[in-house]
Engineer: 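Pasting a structure below so you can have a look.
The structure presented is a predicted model; accordingly, all values stated were derived computationally and were not measured. Count residues from 1 along the sequence.
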Amino acid sequence: MERNWIEKLRGEFGEQVSTAAAVREQHGRDESYHETAPPDAVLFARSTEDVSRAVCICAADRVPVIPFGAGTSLEGHVAALHGGLSIDLSRMNEILEVNDGDLDATVQAGVTRMQLNRHLRDRGLFFPVDPGADATLGGMAATRASGTNAVRYGTMRDNVVALTVVLADGRVIRTSTRARKSSAGYDLTRLFVGSEGTLGVFTEITVKLQGIPETIAAAVCAFPDVGSAIDATMEIIQSGVSVARIELLDDFSMGAFVRHFGIDMKVAPTLFFEFHGGRASVEEQSRLAAEISASHGGADFNWSTDADARAKLWQARHNMHYALLALRPGAKAWGTDVCVPISRLGECLRETREDTAKASFPVSCLGHVGDGNFHLGFLIKPDDPRELAEATGLNDRLVNRALKLGGTCTGEHGVGHGKTKFLAREHGEALDVMRMIKATLDPLNILNPGKVLPPVDASEHLKLAGAAE
């Protein structure tokens with residue numbers, strides 16, 4: 001690859017471009033176990049125009065472009081597998097507009113979810129998608145993120161109204177208006193949400209907002225085994241109990257949780273609940289959830305509306321990654337997730353736990369079980385080929401098990417380059433349609449190449465692009 005494109009970028013953007021080794025290294029890794037793959041250069045963009053001009057320069061020399069937000073992704077999304085330019089959007093962090101009456105906000109891609117919620121607090125509004133990490137809204141839209149609130153408020157797919165996107169040739173488009181529904185043309189917003197930087201670079205996002213509930217209550221309930229906790233979850237959901245969050249921690253994860261955070265709780269499979277609404281409604285929903293939990297062996301269903309206690313509980317839950325790492329110093333967590341129809345969740349979890357019980361390293365299990373999504377964490381020494389191979393086998397069997405049950409290889413982590421090998425089995429011939437879309441929008445294959453779609457050689461990609469024309 002010719003490197004004069006870097007000099008062109010420097011001439012255009014000056015000190016916004018860095019080729020320092022430490023900066024490049026930082027932008028070639030995320031929070032996953034995948035090896036670092038640094039870009040050749042990093043551009044700290046400040047505007048949509050910056051991104052458009054940079055993409056034009058890269059397109060002229062067929063240089064890969066990899067969008068970068070906060071680096072919290074979990075499947076190697078930001079790795080520069082073929083070198084190229086990392087476009088860091090974190091300095092594009094302005095909240096451009098909040099429309100209280102319409103319950104929406106437009107922000108630059110580098111705004112984080114916590115930043116937006118701090119801004120909204122005094123307006124009585126909040127943005128509900130909560131993946132745990134303080135990720136950027138652009139990254140969350142790109143990976144179709146969700147998290148603990150998805151059972152009530154949905155994922156990024158449900159909460160993104162419109163996007164401003166820079167295409168592979170530098171053109172800038174807006175995917176929709178702020179209207180809450182439209183029958184005009186193709187739904188480009190849904191096409192781009194979840195595309196992981198392979199179809200365009202997001203620079204602005206319009207998202208839905210919610211009113212802060214009158215009452216919020218958190219509850220915890222311990223169960224004799226994971227199966228009982230899942231049975232309770234399914235009955236609560238199927239009974240129409242309005243729950244904002246239902247999180248499961250297995251006994252191993254609860255042990256790490258109690259030890260690391262010094263919280264006085266029973267070490268047993270545990271459900272964490274949260275209820276939103278008016279006080280009477282929250283009390284009624286909590287009572288129903290407690291009754292159902294008790295019928296499945298749930299004990300000590302304790303709920304509270306105390307804001308400080310609730311914040312402490314969820315802060316600890318969101319930092320489980322570090323509690324688990326503390327169990328095995330020097331290890332790294334290989335985090336993976338799947339999602340299945342909720343009626344098949346018990347079967348999937350039972351078979352998975354039987355499989356992981358034989359592992360030679362610790363394995364945690366936790367998840368957003370209210371929508372059938374759960375996560376495993378393999379605490380491995382990544383430089384140990386035996387452990388790496390064992391974890392690969394466990395992950396492969398987990399995904400194949402989920403697909404067999406009508407599920408998906410990833411409920412919210414995204415594909416990155418870590419799960420591309422499962423796309424053909426999950427989507428069948430629809431994968432060819434995805435390739436055609438990619439080839440049409442990115443004929444030179446410069447946008448985050450090697451991610452989402454299983455790789456094809458350059459001639460095959462160009463053939464698809466030609467067919468699309």
Engineer: Report yes if some heavy atom in the side chain of Lys438 is under 4.5 Å from a heavy atom in the side chain of Arg435; otherwise report no.
Structural biologist: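 When only atoms from C-beta onward are counted, Arg435 and Lys438 do not touch, as no gap falls below 4.5 Å.
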Engineer: Under 3.5 Å, is there a donor-acceptor pair between the side chain of Asp337 and the main chain of Glu412?
Structural biologist: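 At least one qualifying donor-acceptor pair exists.
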Engineer: Which residues pass the side-chain hydrogen bond (donor to acceptor under 3.5 Å, both in side chains) test with Asp187, not counting sequence neighbours?
Structural biologist: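 Listed in chain order: nothing, the list is empty.
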Engineer: Does anything in residues 211-238 form a salt bridge (Lys or Arg N to Asp or Glu O under 4.0 Å)? List the pairs, not counting sequence neighbours.
Structural biologist: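 Output for this query is empty, none listed.
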Engineer: Salt bridge between Asp104 and Arg178, side-chain N to carboxylate O under 4.0 Å?
Structural biologist: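 Yes, Asp104 and Arg178 are salt-bridged.
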Engineer: Given 3.5 Å as the limit, does a donor-acceptor pair link the side chain of Arg180 with the main chain of Asp102, or not?
Structural biologist: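 At least one qualifying donor-acceptor pair exists.
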Engineer: Partners of Arg401 by side-chain hydrogen bond (donor to acceptor under 3.5 Å, both in side chains), sequence neighbours excluded?
Structural biologist: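 If we apply the side-chain hydrogen bond (donor to acceptor under 3.5 Å, both in side chains) test to Arg401, skipping adjacent residues, the hits are Thr352, Asp355.
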Engineer: Applying side-chain hydrogen bond (donor to acceptor under 3.5 Å, both in side chains), name anything that partners Asp251, two or more places apart in sequence or on another chain.
Structural biologist: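 Partners of Asp251 under the side-chain hydrogen bond (donor to acceptor under 3.5 Å, both in side chains) test: none.
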Engineer: Not counting sequence neighbours, list each pair that qualifies as a salt bridge (Lys or Arg N to Asp or Glu O under 4.0 Å) and has a residue in residues 319-334.
Structural biologist: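 Output for this query lists Arg328-Glu387.
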Engineer: Applying salt bridge (Lys or Arg N to Asp or Glu O under 4.0 Å), can you list everything that pairs with Asp396, at least two apart in sequence or on another chain?
Structural biologist: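 Per chain and number, Asp396 pairs via salt bridge (Lys or Arg N to Asp or Glu O under 4.0 Å) with Lys421.
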Engineer: Given the rule in the side-chain contact (heavy atoms from CB on, under 4.5 Å) test, do Leu116 and Ile95 qualify, once you have shown the distances and angles that lead to the verdict?
Structural biologist: CA-CA 7 Å; Leu116 178 58; Ile95 297 170; 4.1 Å; yes
Engineer: How about His368 and Glu247: do any of their side-chain heavy atoms sit closer than 4.5 Å?
Structural biologist: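 His368 reaches Glu247 side chain to side chain.
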Engineer: What distance separates His77 NE2 from Glu196 CD, expressed to the nearest 0.5 Å?
Structural biologist: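 Between atom NE2 of His77 and atom CD of Glu196 there are 3.5 Å.
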Engineer: Of all residues at least two apart in sequence or in a different chain, which pass the salt bridge (Lys or Arg N to Asp or Glu O under 4.0 Å) check with Arg259?
Structural biologist: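 Arg259: no salt bridge (Lys or Arg N to Asp or Glu O under 4.0 Å) contacts found.
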Engineer: Would you give me the side-chain donor-acceptor pairs under 3.5 Å for residues 122-140, sequence neighbours excluded?
Structural biologist:
unit_1	atom_1	unit_2	atom_2	d
Arg123	NH1	Asp100	OD1	2.5
Arg123	NH1	Asp100	OD2	3.3
Asp130	OD1	Arg113	NH1	3.2
Asp130	OD1	Arg113	NH2	3.1
Asp130	OD1	Gly132	N	3.2
Asp130	OD1	His318	NE2	3.3
Asp130	OD2	Thr148	OG1	3.3
Asp130	OD2	Arg245	NH2	2.6
Asp130	OD2	His318	NE2	2.9
Asp134	OD1	Thr112	OG1	3.1
Asp134	OD1	Met114	N	3.1
Asp134	OD2	Thr112	OG1	3.3
Thr136	OG1	Gly139	N	3.1

Engineer: When rounded to the nearest 0.5 angstrom, what is the spacing between CD1 in Ile87 and CZ in Phe44?
Structural biologist: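 Here the rounded value is 12.0 Å.
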Engineer: Tell me the ring-ring contact (aromatic ring centres under 6.0 Å, His included) pairs involving residues 216-272, sequence neighbours left out?
Structural biologist: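 Every ring-ring contact (aromatic ring centres under 6.0 Å, His included) pair that includes a residue of residues 216-272, provided the two are not neighbours, is Phe257-Phe261, Phe257-Phe272.
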Engineer: Determine the interplanar angle of the Phe192 and Phe202 rings, folded into 0 to 90°, and report it as parallel if under 30°, tilted if 30 to 60°, perpendicular if over 60°.
Structural biologist: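 Rings of Phe192 and Phe202: perpendicular, over 60°.
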Engineer: Any chance you could measure Glu25, atom CD, to Thr36, atom OG1, to the nearest 0.5 Å?
Structural biologist: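 So the CD of Glu25 and the OG1 of Thr36 are separated by 5.0 Å.
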Engineer: Please, which pairs that meet salt bridge (Lys or Arg N to Asp or Glu O under 4.0 Å) have at least one residue in residues 149-162, sequence neighbours excluded?
Structural biologist: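 Those involving residues 149-162 do not exist here.
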Engineer: side-chain hydrogen bond (donor to acceptor under 3.5 Å, both in side chains) with Arg350: which residues, sequence neighbours excluded?
Structural biologist: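 Listed in chain order: nothing, the list is empty.
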Engineer: Hey, does the side chain of Ser253 reach the backbone of Cys365 with a donor-acceptor pair shorter than 3.5 angstrom?
Structural biologist: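 Yes, Ser253 side chain to Cys365 backbone: donor-acceptor pair under 3.5 Å.
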Engineer: Which residue pairs pass the salt bridge (Lys or Arg N to Asp or Glu O under 4.0 Å) test with at least one member in residues 275-296, sequence neighbours excluded?
Structural biologist: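 Output for this query lists Arg279-Glu283, Glu284-Arg287, Arg287-Glu291.
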